[in-house]
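Protein chains get the first letters and strands the later ones, always in sequence-line order, with residue 1 at the start of each. As the structure is a prediction and not an experimental result, all values here were calculated from the model.
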Amino acid sequence: MTFKSIIDEIENNLNKILSDLSIPGIEFSVEPAKPGFGDVSSNISYLLTKQLKKSPKEIAEILSEKYSKCVNTLVLKSEAHPSGYLNFFANWEKLSQLILSESYLDTCGDVDIGNGSTIVVEHTSVNPNKALHIGHIRNIIIGDTVSRILEKANYTVNVLNYIDDSGLQVADIIVGFKHFGYAEEPPNGKKFDHYCGDDVYVKITEKYEADPNLEEIRKNILKELEDGDSEIAKFADKITRKVLAGQLETCWNLGVTYDCLNFESQIIRSGLWSEIFEKLKEMKLIEFENEGKNGGCWVIRGEGKEEDKVIVRSNGTATYIAKDIPYAAWKLGLLEDPFNYEKYEKEQPNSRVLWQTTLKETDKISKNFTGEKVVTVIDSRQARLQKIITSLMDKFKSVPNAYNHLGYESVTLSSETAKTLGLDTDGKQAQMSGRKGLYVSADSVYKILKEKTSEETKKRHPEMDDSEIETIAHSVSVGTLRYEMIKQDLDKIITFDLTKSLSLEGDTSPYIQYTHARASRILEKSDRIPTIDVDFSLLKDKSELDLIRNIGLFNLQVRDAASNLSPKVIARYCYDLAVAFNSFYEKSKVLDLGNVELENSRLCLVNSFKIVLEKALDLLGIKAPDRM
RNA sequence: GGGCCUAUGGCGCAGCAUGGAUAGCGUGUUGGACUUCUAAUCCAAAAGUCAAGGGAUCGAAGCCCUUUGGGCCCA
């Protein structure tokens with residue numbers, strides 16, 4: 001039981017009072033109070049003004065009076081604030097005991113929203129022709145964090161990465177290899193994904209601009225890609241898998257892992273499309289256009305003023321939304337699974353097994369990576385397309401809201417950073433572009449961070465050996481990058497600046513991780529093992545109670561984050577928790593107090609903080625070192 | 001032409017879903033705190049017509065409408 005206990009108690013009592021007054025159920029709030037207004041507040045008085053024909057203040061006074069006669073275990077007293085709010089003060093001795101005991105359990109922070117049901121989270125899904133840049137990282141970190149949160153909320157999560165290995169971007173680099181003599185081995189040991197993105201892809205794009213005739217070559221390559229048995233398709237498969245391996249290396253380094261890789265080329269060859277095409281016709285979700293500009297096409301009717309969306313062109317080829325529809329239906333388990341599965345050739349850094357789809361019949365392993373619900377993480381430029389898919393899936397699946405598009409705004413480059421990459425934007429931010437070579441790669445950002453944090457750690461701990469420094473610098477660098485990608489709202493554009501975005505102070509991951517290190521040091525230096533068998537009445541300082549309150553809010557925050565698919569909620573929670581600890585740290589010493597009872601109580605609190613912060617940071621995929 | 005997102009101290013953001021108290025935080029600026037469980041820390045000060053206008057409400061940063069600036073998507 002956590003801080004929610006006292007909220008529940010108050011809610012129950014207020015409901016009882018309401019029914020005594022024979023007022024039918026109204027939806028009042030009972031929430032953690034703002035500082036200076038007790039511990040819990042309710043807006044109930046405002047909502048009763050019409051029925052009782054009294055001012056909020058008078059009502060609050062009446063309710064407070066009645067409340068004092070209720071059965072209370074966790075509430076010490078209620079108070080009518082002149083503003084009309086009804087404020088409650090906790091019996092902290094009991095509440096602290098509840099909260100801190102709970103925090104020592106493995107299940108701390110668990111909530112049950114999913115009820116064990118399966119949910120698919122698809123993220124990453126980057127064309128396998130280039131290295132991941134900082135914009136992709138936002139997608140990946142959002143997806144990974146949401147998966148972790150959903151798991152905490154009792155969903156069985158299947159994480160998918162969709163590999164678009166048969167599109168235009170892949171065709172481009174194949175043109176480079178096949179027609180412009182780019183070596184298959186990158187020069188001087190460059191990572192293969194970087195080589196394909198920085199060198200081959202960008203240069204070929206330049207050549208297209210110079211010579212429009214090359215379009216023809218690309219078109220032919222594209223056609224050959226669709227035919228799985230062609231030489232080109234086999235070659236492309238080899239190249240894209242090498243790029244993919246480089247991309248996965250970057251992801252794994254950031255603590256991101258997957259359950260299954262789904263290859264677009266296989267979806268195309270599996271025949272899923274024709275199956276879904278028939279179904280769409282049958283359900284009359286698409287119509288054949290006889291005349292007008294879309295004459296001869298199969299279209300989805302736009303709603304209201306929206307344009308019709310062409311699904312199959314008059315020449316019989318499917319548009320690229322046509323690839324998304326069968327995949328979406330497959331994710332929801334609406335189609336018979338045409339795939340077999342095999343293990344990916346490399347192991348992921350944690351114990352999670354990574355599978356990949358295959359059409360080979362040889363080693364027939366069937367798996368199920370579909371979900372009763374689906375979350376697709378794609379940036380909001382795809383919102384229109386995703387809306388069409390969502391409404392189609394709503395018609396396919398009886399469960400409402402089964403398919404969810406989790407959109408987010410893009411990452412742009414600050415004008416200063418764009419300038420360092422050779423583009424003068426006249427003070428404006430710049431959209432990243434893989435095609436133009438205007439991007440900051442994830443690997444390079446990690447490398448810069450790693451150097452910075454290694455140096456800092458070395459300065460603080462000259463005695464440490466290199467491998468320990470390396471471990472700490474890694475955790476802090478990954479944390480910093482992940483936290484930057486997650487801490488603000490999904491619909492805010494992140495303007496990435498190579499120097500400004502890599503701060504290690506203030507509202508950052510190192511700040512939070514540092515508080516964890518402080519807590520660890522206290523526990524390490526004390527020669528006792530913290531227990532919950534302590535005198536909780538000794539914890540009565542404001543900073544102590546504030547820290548306990550924050551600890552007790554963990555599961556409420558997880559619930560909020562999971563039900564709203566809002567990873568930043570957990571980021572803010574970690575930060576608030578760290579602030580509360582730092583305030584406690586300044587005001588209350590823990591060791592060498594000459595008072596064993598008090599020391600034990602505070603040790604219990606410190607340990608509880610450490611446990612909960614670790615769990616919360618784990619939801620963000622951030623590791624907390626014991627020293628830094 | 002149609003649609004989506006966004007606007008809150010100099011800069012970057014939270015709060016908006018579910019209207020109610022004194023609009024919070026970081027950074028930057030100014031000043032202060034390391035002989036102490038680690039200063040990647042803490043304390044304090046200055047800094048706000050919550051884009052503008054209108055509406056419903058006893059009450060709006062939040063809800064509705066209009067306009068403007070910025071970003072994106074479709075045509």
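Taking a pair to require two hydrogen-bonding distances under 3.5 Å in either a Watson-Crick or a G-U wobble arrangement, B:U27 pairs with B:G10. Searching all strands for a Watson-Crick or G-U wobble partner of B:C4 with both distances below 3.5 Å returns B:G71. For B:U57, there is no paired base (Watson-Crick or G-U wobble, both distances below 3.5 Å). Partner assigned to B:A46 is none, using Watson-Crick or G-U wobble distances below 3.5 angstrom.
The nucleotide whose nearest atom lies closest to any side-chain atom of A:Asp491 is, among B:C37, B:U27, B:C5, B:C5. With distances taken from any side-chain atom of A:Gln488 to the nucleotides B:C13, B:A21, B:U27, the minimum falls on B:C13. Picking from B:U22, B:A14, B:C37 the nucleotide with the shortest atom distance to the side chain of A:Phe37 gives B:U22. In this structure, the nucleotide among B:U18, B:C42, B:A14 sitting nearest to the side chain of A:Glu31 is B:U18. Comparing B:U41, B:G26, B:A17 by their closest approach to the side chain of A:Arg518 singles out B:U41. Taking only side-chain atoms of A:Tyr575, from C-beta outward, the nucleotide of B:C37, B:G26, B:A17 with the closest atom is B:G26.
Counting non-hydrogen atoms of neighbouring residues, nucleotides and ligands closer than 6.0 angstrom, the NZ atom of A:Lys57 reaches no more than 12 such neighbours. A:Glu416 CD: more than 12 foreign heavy atoms inside a 6.0 Å radius.
Atom OH of A:Tyr483 is separated from atom C1' of B:G12 by 13 Å (rounded to the nearest Å). Between the CG atom of A:Asn582 and the P atom of B:A39 there is a distance of 10 Å, rounded to whole Å. Summarising the geometry, the separation between NZ on A:Lys34 and P on B:A14 is reported as 18 Å, rounded to the nearest angstrom.
Between A:Ser42 and A:Leu490, the residue anchored closer to the 5' end of RNA chain B is A:Leu490, taking for each the nucleotide with the nearest heavy atom. The 5' end of RNA chain B is approached more closely, in terms of each residue's nearest nucleotide, by A:Asp560 than by the other of A:Asp560 and A:Ile472.
Within 4.0 Å (heavy atoms only), A:Asn43 reaches no atom of the nucleic acid at all. Within 4.0 Å (heavy atoms only), A:Ser588 reaches at least one base atom of the nucleic acid. Here A:Tyr85 lies in heavy-atom contact (under 4.0 Å) with a base. Residue contacts shown for A:Tyr585 include a base, since a base heavy atom lies under 4.0 Å away. Using a 4.0 Å heavy-atom cutoff across all strands shown, A:Asn564 reaches at least one base atom of the nucleic acid. Counting any heavy atom pair closer than 4.0 Å across all strands shown, A:Thr495 reaches no nucleic acid atom. Among the heavy atoms of the strands lying under 4.0 Å from A:Glu505 are primed sugar atoms or P, OP1, OP2 only; no base atom is included. Using a 4.0 Å heavy-atom cutoff across all strands shown, A:Ala517 reaches at least one base atom of the nucleic acid. Here A:Lys589 lies in heavy-atom contact (under 4.0 Å) with a base.
Nucleotides B:U36 and B:G15, compared at atom P, are 40 Å apart to the nearest Å. Separation of the P atoms belonging to B:U6 and B:A75 is 24 Å when rounded to the nearest angstrom. On the P atoms, B:C34 is 16 Å away from B:C43, given to the nearest whole Å. Going from the P atom of B:A17 to that of B:C63 covers 6 Å, rounded to whole Å. Separating the P atom of B:U67 from that of B:G2 is a span of 11 Å, rounded to the nearest Å. Taking the C1' atom of each, B:A14 and B:G26 are spaced 10 Å apart, rounded to whole Å. Taking atom P in both B:C64 and B:C25, the straight-line distance is 29 Å, to the nearest Å. Annotation: B:C5 and B:A44 have their C1' atoms spaced 39 Å apart (nearest Å).
Between the side chains of A:Ser410 and A:Asp379, no donor-acceptor pair of N or O atoms lies under 3.5 Å. A side-chain N or O of A:Gln169 and one of A:Asn127 form a donor-acceptor pair less than 3.5 Å apart. Under the 3.5 Å distance criterion, with hydrogens and angles disregarded, a donor-acceptor pair is assigned to the side chains of A:Ser509 and A:Gln513. Residues A:Thr495 and A:Ser414 bring no donor and acceptor atom of their side chains to less than 3.5 Å of each other. No hydrogens or angles considered: a donor-acceptor pair under 3.5 Å links the side chains of A:Thr453 and A:Ser477.
Remark: A:Tyr408 is not in phosphate contact with B:U6, judged by side-chain N or O atoms under 4.0 Å from OP1 or OP2. Dashed line: the shortest gap from a side-chain N or O of A:Lys568 to OP1 or OP2 of B:G15 is under 4.0 Å. Here A:Lys492 reaches the OP1 or OP2 of B:A7: one of its side-chain N or O atoms lies under 4.0 Å away.
Relative ring orientation between A:His136 and A:His133 is described as parallel, the plane-to-plane angle staying below 30° on a 0-90° scale split at 30° and 60°.
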What protein N or O atoms touch nucleotides 43-47 of chain B N or O atoms at under 3.5 angstrom, if any, and at what distances?
none

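You'll find the side chain of A:Thr412 reaches within 4.5 Å of the side chain of A:Gln431, heavy atoms only.
Distance CG/A:Leu490 to NZ/A:Lys568: 7.0 Å, rounded to 0.5 Å.
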* Given side chain to side chain donor-acceptor pair (under 3.5 Å), test A:Tyr483 with A:Thr508 step by step and report yes or no. => CA-CA 7 Å; A:Tyr483 192 77; A:Thr508 64; over 6 Å; no
* In the 5'-to-3' direction, what one-character label does each nucleotide of nucleotides 69-75 of chain B receive under the scheme B = base within less than 4.0 Å of a protein heavy atom, S = sugar-phosphate only, - = no such atom? -> --SSBS-
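The backbone N or O of A:Leu406 sits nowhere less than 3.5 Å from a side-chain atom of A:Asn404 that would complete a donor-acceptor pair.
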